[in-house]
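Owing to the predicted nature of the structure, the values given are computational and were not obtained by experimental measurement. Counting begins at 1 with the first residue of the sequence. For the numbers below, each heavy atom of this structure counts, side chains included, while hydrogens, waters and symmetry mates do not. Counting starts at 1 for both ligands and their atoms, in listed order.
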Amino acid sequence: MEQKKQNFVINRIESLKYAFIGAVYLIKTENAIKVHCVSTILLSLLGYFTNITRTEWMLQFLAIGLVISVEALNTSIEKIADFIQPDFDKKIGTIKDVSAGAVLFAGLFGAVIVAFIYIPKLMLFLSQ
Ligand SMILES: Nc1ncnc2c1ncn2[C@@H]1O[C@H](COP(=O)(O)OP(=O)(O)OP(=O)(O)O)[C@@H](O)[C@H]1O
């Protein structure tokens, strides 16, 4: 039982290691992920300097996390698609389009969250 418990912990740590390798690979190779990382830094600076609330920080990080996660899954789907069918294939095209559509949904709703946080601050700033 103790051995099983130990294996469970080791397996979880191993999985975390592979997930970390995947995340580093994404950051190094995918331009879209690089753009999201830069956006994360810029939004964090904006949040810091405009003094956003705790709830706004949580929503902002939730939106960023959602967009980056969906982008990573989209990359994964593109790679599977290229692996199983490197040639032009209408069905592969649809699969990739749908996957890109998921990123668009996440991005649009993420942008709505960011707009809800910063537009009132911008209005206040402009009205001063
Ligand atoms: N094998 C294919 N068969 C048919 N259409 C394809 C195929 N590969 C790509 N496409 C079309 O081209 C679009 C872009 O595909 P691609 O794999 O270049 O994605 P991308 O969004 O440019 O990815 P990235 O910039 O992350 O490499 C797809 O959404 C699809 O419409």
**Q** How close does the nearest protein non-hydrogen atom get to atom 2 (C) of ligand 1, and which residue and atom is it?
**A**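 For this ligand atom, the closest protein heavy atom is Ile92 CG2, 3.8 Å.
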**Q** Between the side chain of Tyr25 and the main-chain N/O of Glu30, is any donor-acceptor distance below 3.5 Å?
**A**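 No: the side chain of Tyr25 does not pair with the backbone of Glu30.
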**Q** Would atom 22 (O) of ligand 1 count as contacted, meaning some protein heavy atom under 4.0 Å?
**A**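 Protein heavy atom within 4.0 Å of atom 22 (O) of ligand 1: absent.
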**Q** If only atom types and distance count, is the side chain of Gln60 paired as donor or acceptor with the main-chain N or O of Leu43 below 3.5 Å?
**A**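 Checking the backbone N and O of Leu43 against the side chain of Gln60, a donor-acceptor pair under 3.5 Å is found.
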**Q** Looking only at heavy atoms, what is the nearest atom pair of Cys37 and Ile27, with distance?
**A**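 In terms of heavy atoms, the two residues are closest at SG-CG1, 4.2 Å.
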**Q** Quick one: does atom 25 (O) of ligand 1 have a protein heavy atom under 4.0 Å from it?
**A**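 Under the 4.0 Å cut-off, atom 25 (O) of ligand 1 has no protein heavy-atom neighbours at all.
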**Q** Do Ile84 and Ile92 pass the side chain to side chain contact (heavy atoms under 4.5 Å, CB included) test, and can you show the C-alpha distance, the side-chain angles, and the key distance before you say yes or no?
**A** CA-CA 9 Å; Ile84 59 172; Ile92 291 291; 4.2 Å; yes
**Q** What do the steps show when you test Lys79 against Phe83 for side chain to side chain contact (heavy atoms under 4.5 Å, CB included), and what is the final call?
**A** CA-CA 6 Å; Lys79 289 200 179 299; Phe83 181 69; over 6 Å; no
**Q** Evaluate Lys121 against Ile52 for side chain to side chain contact (heavy atoms under 4.5 Å, CB included), listing each step before the verdict.
**A** CA-CA 9 Å; Lys121 291 183 198 305; Ile52 60 175; 3.4 Å; yes
**Q** Among Glu30, Gln85, Lys96, whose heavy atom sits nearest atom 8 (N) of ligand 1?
**A**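 Looking at heavy atoms only, the winner is Lys96.
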**Q** Can Asn74 be said to touch ligand 1, with heavy atoms closer than 4.0 Å?
**A**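 No, that is not the case, since the closest heavy atom of the residue is not under 4.0 Å from the ligand.
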**Q** Between Lys90 and ligand 1, find which residue part has any heavy-atom pair under 4.0 Å and reply side chain, backbone, both or neither.
**A**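 Answer for Lys90: neither.
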**Q** Looking only at distances, please establish whether an N/O atom of ligand 1 is found under 3.5 Å from an N/O atom of Asp82.
**A**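 Between Asp82 and ligand 1 (N or O atoms, distance only) the closest approach is not under 3.5 Å.
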**Q** Identify the protein heavy atom lying closest to atom 20 (P) of ligand 1, giving its residue, its atom name and the separation to 0.1 Å.
**A**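 The closest heavy atom on the protein side is Glu78 OE2, 3.6 Å.
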**Q** With side chain to side chain contact (heavy atoms under 4.5 Å, CB included) as the test, would you mind laying out the steps for Asn74 and Glu78 before giving the verdict?
**A** CA-CA 6 Å; Asn74 174 49; Glu78 277 174 7; 3.5 Å; yes
**Q** Identify the protein heavy atom lying closest to atom 29 (O) of ligand 1, giving its residue, its atom name and the separation to 0.1 Å.
**A**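 Of the protein heavy atoms, Asp97 OD1, 2.5 Å lies nearest.
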**Q** In this structure, which one of Val67, Ile64, Leu45 forms a side-chain contact (heavy atoms from CB on, under 4.5 Å) with Thr40?
**A**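 Result for side-chain contact (heavy atoms from CB on, under 4.5 Å) with Thr40: Ile64.
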**Q** So, Ser15 side chain and Asn11 main chain: donor-acceptor pair closer than 3.5 Å or not?
**A**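 Between the backbone of Asn11 and the side chain of Ser15 there is a qualifying donor-acceptor contact (under 3.5 Å).
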**Q** Considering only non-hydrogen protein atoms, determine which one is nearest to atom 1 (N) of ligand 1 and report residue, atom name and distance to 0.1 Å.
**A**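 Among all protein heavy atoms, the one nearest atom 1 (N) of ligand 1 is Asp87 O, 3.1 Å.
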**Q** What protein heavy atom is closest to atom 3 (N) of ligand 1, reported as residue, atom name and distance in Å?
**A**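 Closest protein heavy atom to atom 3 (N) of ligand 1: Asp89 N, 2.9 Å.
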**Q** What protein heavy atom is closest to atom 5 (N) of ligand 1, reported as residue, atom name and distance in Å?
**A**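 Closest protein heavy atom to atom 5 (N) of ligand 1: Gly93 CA, 3.4 Å.
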**Q** Does atom 14 (C) of ligand 1 have any protein heavy atom closer than 4.0 Å?
**A**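 No, no protein heavy atom sits under 4.0 Å from atom 14 (C) of ligand 1.
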